Structure formats: C-alpha cells, structure tokens
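So the structure is just underneath, and the comments pick up after that.
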Number of protein chains: 2
Amino acid sequence: MELDERKLKILQAIIRTYLDTGEPVGSRTISKFSDLKLSSATIRNEMADLEEMGYILQPHTSAGRIPSDKGYRLYVDTMMEAKESEVRNLREELEEKVEKVDDVLKQVAKFLATNTNYATMVSGPKYQSKHVKFIQITSVDEEHLLAVIVLDNNTVRNQMIRVEEIIEPEMLLKLNFILNTTLNGLDVVEMNLALIQQIKEQMETHTQVIDSVLEVIGKTLLENDDPEIYTSGTMNILKYPELADKSKAAEIISAFEEKETFHSWLGLPDRKMSNETHDIQVYIGDENSLASMKDCSMVTATYQIREGVYGKIGIVGPKRMDYDKVVGTLNSLMGQLDDIFKEK
Amino acid sequence: MELDERKLKILQAIIRTYLDTGEPVGSRTISKFSDLKLSSATIRNEMADLEEMGYILQPHTSAGRIPSDKGYRLYVDTMMEAKESEVRNLREELEEKVEKVDDVLKQVAKFLATNTNYATMVSGPKYQSKHVKFIQITSVDEEHLLAVIVLDNNTVRNQMIRVEEIIEPEMLLKLNFILNTTLNGLDVVEMNLALIQQIKEQMETHTQVIDSVLEVIGKTLLENDDPEIYTSGTMNILKYPELADKSKAAEIISAFEEKETFHSWLGLPDRKMSNETHDIQVYIGDENSLASMKDCSMVTATYQIREGVYGKIGIVGPKRMDYDKVVGTLNSLMGQLDDIFKEK
DNA sequence: AATTAGCACTCCATTTAATTGAGTGCTAAC
DNA sequence: GTTAGCACTCAATTAAATGGAGTGCTAATT
C-alpha cells in the first residue's frame, strides 16, 4: 500500500487534532474540520489503511484513532512546522545579577518550563579537555597551604592542604617554579609516576609536603567534573493525564530527581555539530534511552559556549507534546542564548 | 473536662493504630486490641470526650476517629518513644570516595529517604561569618588575572579577571601587599568606599585594573552563599494516599524542586544548640512555615561540623508518619554523622 | 455511678445495572 | 471511487442497590 498525498493529509489532520485535544480522533471530526472534502466514510476507509500501515492505532474498537510512535516520527520528520514562537526577549527575563553561566542556565530551565508547560532539564557546560595551565601553591597561614590550579579552559580549582611543618618562602617559590615548568600543558593522564618522581628529586627537602601537594593536584585533576544538571517544572508532567498515573509519574519524576541518570547522554553532542544549527533532536517514546521515559517524548538542543564546551537542554513531555511549539521555542531561544554567551 | 490516665491511654491507642493503618479507627478496634478491659461502648463515650477536647476528629459521621494536629502534638511531646533503630553503620554505607562534606550529605539524604520511605532534604553547611583572611592576585596569562580570596572559615573563592593592559610583577606584589594589609580580617560590610579610595591612592598606576580587581573582590564577598540543598526520595510522598492526590502532591513536590524555598529556615539552628542534642524538632501540619506543607509533618535535626558551621536535615512525610522511627533513626544517624565530621 | 448490651440510624464505599454516545465496519446505492 | 445508511461495539457516565463499619442513645446490669 502506498502512502499517497491524501493519506498524508489525513494523517497530518489526525495528529494535529490529537496533539490539540489529547482525545482519540474519529473520522467525523476529520471529515468536518479538514479542507479535504470527503465524507466520514471515506476517511474511515483511509484510516483503516493508515492503521494497517502502522501510523495510527485504536485504543479499542469503537474509539477514534491516535498516532503511533511511527506516526509521530513521520510527523516530526516531514510535516512539522516549527512555530516561530515569539520568545520574549530572554535577556529581559534574566534577572540582573546573572553573571555565571550556570545561573543563566538555571534560569533558562525555569523559563522553558513555564513557557512550554513541560519539564525541562539543562546540563551545565562540559569542558572537554583539561590541561594544566597554571599552578600556584601559596601559604595561607601556619598550617595551611593553598593550591590553585588553572586549567586551559580557564576553570579554576583550589584545594586547601594541611601541613605540619612550616615551609619557607624560597622553597615555595622553587616548588611553584618546578611545578609549572614540569606540569604545564599536561593532561591528567600524562601526570604519571615518573614525572612525580622527577619533581620530588628536584626538591630535596620537605618530601612529605610535596607528596601531599602532588596528591592533591592529582586528585583535583581527576575529580569527576560531571556537569551540573538543572531541572525545572518537573511537576508539569502531572498535567497530562496520560502520564499522571501514579506509577508512571513516579518513575519519570524520579528520573528527574536522580539527575545522575542523565549524565550519560547529556554530556556530549550527538554528532559533529555545526556552529549554526543547535542540533535539535526529537526522541519519541521508546526512542528514549531511558526506559522510564518510554511514554514521553523529549526534545533536546545543544548549546555551545565556545569551541569544545557544550551542554544540552532537554524538554520532556507526553508523546503528544506540541512539537511545533517546542522546537520553535528552542530554536528561537538557542539563538538568543548564543548571543548571551558570546558577550561573556 | 480532664484528660485523665484512661483518656490518655485511649488516645495513645488511637494514634498508634492510626499511624499503623492510616484508616480511621473505631471504638471496637480499641476495645479489642488495647490492654484496657473496656467495652466498645465505654470507649465510644471516651472518644466523644476526646473529640470535644480537640484531640481527635471524625472525617464524617459513622466513621472512626483520626488524630487531630493537637492530638499528634500531644503524642509527639509526651507519648512518643524514639525507637532505637539500628541504623546500619553509616560509614559502611558511604561510598569509598566520600571526601567532601557535601558528598557525605548527599548520601545521607539518599540513605534516609530509602530507610524511612519519606522525602528528605539536607542543607549543606552554612558558614556564619566571613572575613577576609588572605587575598592573592596572580597573573595567569597575558590577558587574565586570577583573584583568590580565602575566607576565615577556610573556604576559597576565586575569580578570573580579564585585563587589557599587562601589569608588571612588581606592581602585582605591591597590590597584593596593600590588599592584604588593608583588607585582612575585614567583613564584607566593612569594605566601604573610603577604604577603596585609600587603596587606590596607594597604587598610583593601573587604576583601571585596580578598579576591576576591587569590584571583583567586593562581588565575590557579597556573593550569596546560600548553602546547597540536596533532596532525595521526593517521590515517596506518592506512597501515602492522603498526599498522593494530584494537586496536593504537586504542591509539595514542587516545593522540593524549588529548593530555594527552604533557604529561609534551613539556614540556622532554631535555638542555641548544645553540642550534644541535635535539636530534633517536629513540625506538624500547619506548624510548618511553608503553606504547601500543611498536610505534612516534618522532622528536622541540626548537625554541626564545627563551631559556627551548621546545617539541617529534614524528613517530610504525611502527618501520620512514624515519628518514633524517624526520630530514632535521626538520633542514631546524627551521632554517627558527628563522628564522621570529627574525623575530618 | 460507672459500665455494657442492644438497637436504630448514618453515611461512605462498593457493586451492579442501565444508559448514553462516539465511533466503527460493512453493504448497497450513487 | 465516493458516500449514505445501518447495525454493532465498547468505554464512560449515571443511577440504583447493597453492604458494613461505626456511631449515639437508651435501658439494663454490675
């Protein structure tokens, strides 16, 4: 059987209507409210065909039809028209004191949640590479050294080190010099034992202090820097009857609470992302990698702060989410987000 | 009317039974299962009295009685016996790599949630005072200075500063010296304009750089350091029918998502806390400061990391939560937590 | 005077039955 | 190929019937 023009039009009408109402849609509705001038009987015949082809299905005999995942997929791929939704100037929405990237993201999550009425999650930026750019050990007081490590992505880590013996200023200077010349530009994995040995040899005294300093540096670098994940509007899920069922809702919402769950896939862009597109992806039902989201759809977009620094934004709703609006909103918002990050 | 021995016993029996079953309890149940040898008719009379006194109430005629908030309060204040619950050695439960206090707390939240089947929230430690202990400005590369500020509670803040002009090493040394001598020990509020002017005067050149440095320092100090709040087991709320109603649940759980909501009261210990007790408090129904929690009870405890550094742990459940168990568990856990923090 | 058995009454919860109506598939006519 | 027409299906809603837990009150009992 072939999916001709007319069938497509009918399918589209069915999906549009269903997205709108959430109720199974019958032949009569389509016959009346679409521009096709066809009787309900004809529509019925076509519907039977569409069902056979797997694009729609019947919750039960004598009910209207609802789109299947396959139907949604077709819709998203070929029929959707991203609504050029007027996202009110994001920058105006942002509170004054927004300086840190993470604060912006937190607010973006909230903004999207209230605007779309779906649940949102936003991952903080993931810094790809980390090489040591600058290390400095300072003496803060009698018993504390402070190690400050600047990575090449300009993130800063610091760590207090408790020491028993007082270390003289000249020694510190020397240590700093050695550390910087030896470790500069190195990756974490490149900081191997041989290197550490080499450093120790150069410093004759205070081996114990050096030990703990090096240990701290190593740890700090290894420190898992899973990006923060911000969620908002989780409870919006309850607004959609098909998800509000207790066990389902609990599963979905728990996933949102266990943010760690999302680290796996929120981390990286799906593919080589061009600088223009924001790689907006739609996952419908079972296409989600998380089993607990099999009754949801998720739309994700990738933002880029600068070369190699990515993060993701995800919007989760029922499968009958308003894809057009969501994609439109995301599109518009991502553009603005780009601008905001460019300023920084 | 007087609340005599017998009435107390009956009230206790009612509450105990209700905590257990969640169903309104009738006179017959009490007559049968309590050690009082009284007929249901007598119990009924006493119940009528207890209701008149406001300790119990009837959801509707011809239903059993349930405790009122006043009843719960009496129970918690005078009849509860904290179950010496065997909290399996917390330290064993903690994953290996727990070093940071916040990681411990995160796991404590999870631990409590799974063990009690209620929702939990834990606030990170709130550092009371913040005075500058040590400041250092370093040149990281041609266009970046790094300001590191150590506060007297040994927390470290840092901030990159972008500069146009290159600043000579001697200048930096001088700046650091001035900053440290001028600002050391000062509170944020004490960093007023006069002081800033004074610093500027001492440095003749690079006023622009100094400006931005001082600005950054000020901002960094002012930066609201609301403690992190970790939540866990939010979805446990849905396990209790009296809360699982959609609108109620949404309200409560939203409050958990909007963690900021809790900052107000999670910050500080309610009163001068002795070192021994953990200031365990119970808030029943309307006693909660948050309106959205009026159908819940919350049990809070305060932990102390060291002098002046407090945080709170809260357990939220239905009003008929198992107070005995929760308080018992908290008691036991707080002791262990003390030990863990002492090690650090 | 306190306790209890007994009984009529109340009201929610559950079950069962009846009704409605949107929607379908099929057939025969257009 | 399209459509009008009709019998049929089935979830959802409404209505009625039943059951039972629990109460309050009164009169008898201890």
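Here is how names work: the chains are called A, B, and so on, in the same order as the sequence lines, proteins then strands, and each is numbered from 1. These numbers come from a predicted model, not from an experiment.
Comparing D:dG24, C:dT24, D:dC10 against the side chain of A:Arg44 picks out C:dT24 as the nearest. For A:Thr61, whose side chain is taken as the heavy atoms from C-beta onward, the closest listed nucleotide among C:dT4, D:dT2, D:dT9 is D:dT9.
Taking atom CG of B:Leu36 as the reference point, atom C1' of C:dT4 lies 15 Å away to the nearest angstrom. Rounding to whole angstrom units, CD1 of residue A:Ile30 and P of C:dG23 are separated by 10 Å. One interatomic measurement links the two molecules: CG of A:Asp49 to P of C:dC26, which rounds to 12 Å at whole-angstrom precision. Atom pair B:Asp4:CG and C:dA1:P shows a separation of 18 Å (rounding to whole Å applied). Atom CG in B:Leu38 sits roughly 8 Å away from atom C1' in C:dT3 (whole-Å rounding). Atom CD of A:Glu23 and atom P of D:dA11 are 15 Å apart (whole Å). In this structure, NE2 of B:His60 is placed 17 Å from P of D:dG20, rounded to the nearest angstrom. Note: CD (A:Gln58) to P (D:dC10) measures 11 Å, nearest angstrom.
A donor-acceptor contact shorter than 3.5 Å is absent between the side chain of A:Ser332 and the backbone of A:Gly328. A donor-acceptor pair is defined here as one N or O able to donate and one able to accept, closer than 3.5 Å; such a pair exists between the side chain of B:Glu287 and the backbone of B:Ile284. B:Thr21 places a side-chain N or O within 3.5 Å of a backbone atom of B:Thr17 that can act as its donor or acceptor partner. Of the possible donor and acceptor atoms, none in the side chain of A:Tyr323 sits under 3.5 Å from a partner among the backbone N and O of A:Ala82.
Contacts of A:Thr42 with the nucleic acid, taken as non-hydrogen atoms under 4.0 Å apart, include base atoms. As judged by a 4.0 angstrom heavy-atom cut-off over every strand, B:Ser40 is placed among residues making no nucleic acid contact.
Looking at B:Ser39, its side chain has no donor and acceptor atom pair within 3.5 Å of the base of C:dT4. Between the side chain of A:Ser62 and the base of D:dT9 there is at least one donor-acceptor pair of N/O atoms closer than 3.5 Å. Counting distance only, with no hydrogens placed and no angle test, the side-chain atoms of B:Arg28 and the base atoms of D:dG22 include no donor-acceptor pair under 3.5 Å.
The side chain of B:Arg65 places no N or O atom within less than 4.0 Å of a non-bridging phosphate oxygen (OP1 or OP2) of D:dG22.
Looking at B:Arg320 and B:Glu242, a side-chain N of the basic residue comes within less than 4.0 Å of a carboxylate O on the acidic one, giving a salt bridge.
Judged by closest nucleotide on DNA chain C, B:Arg6 is the one of B:Arg6 and A:Thr29 placed further toward the 5' end.
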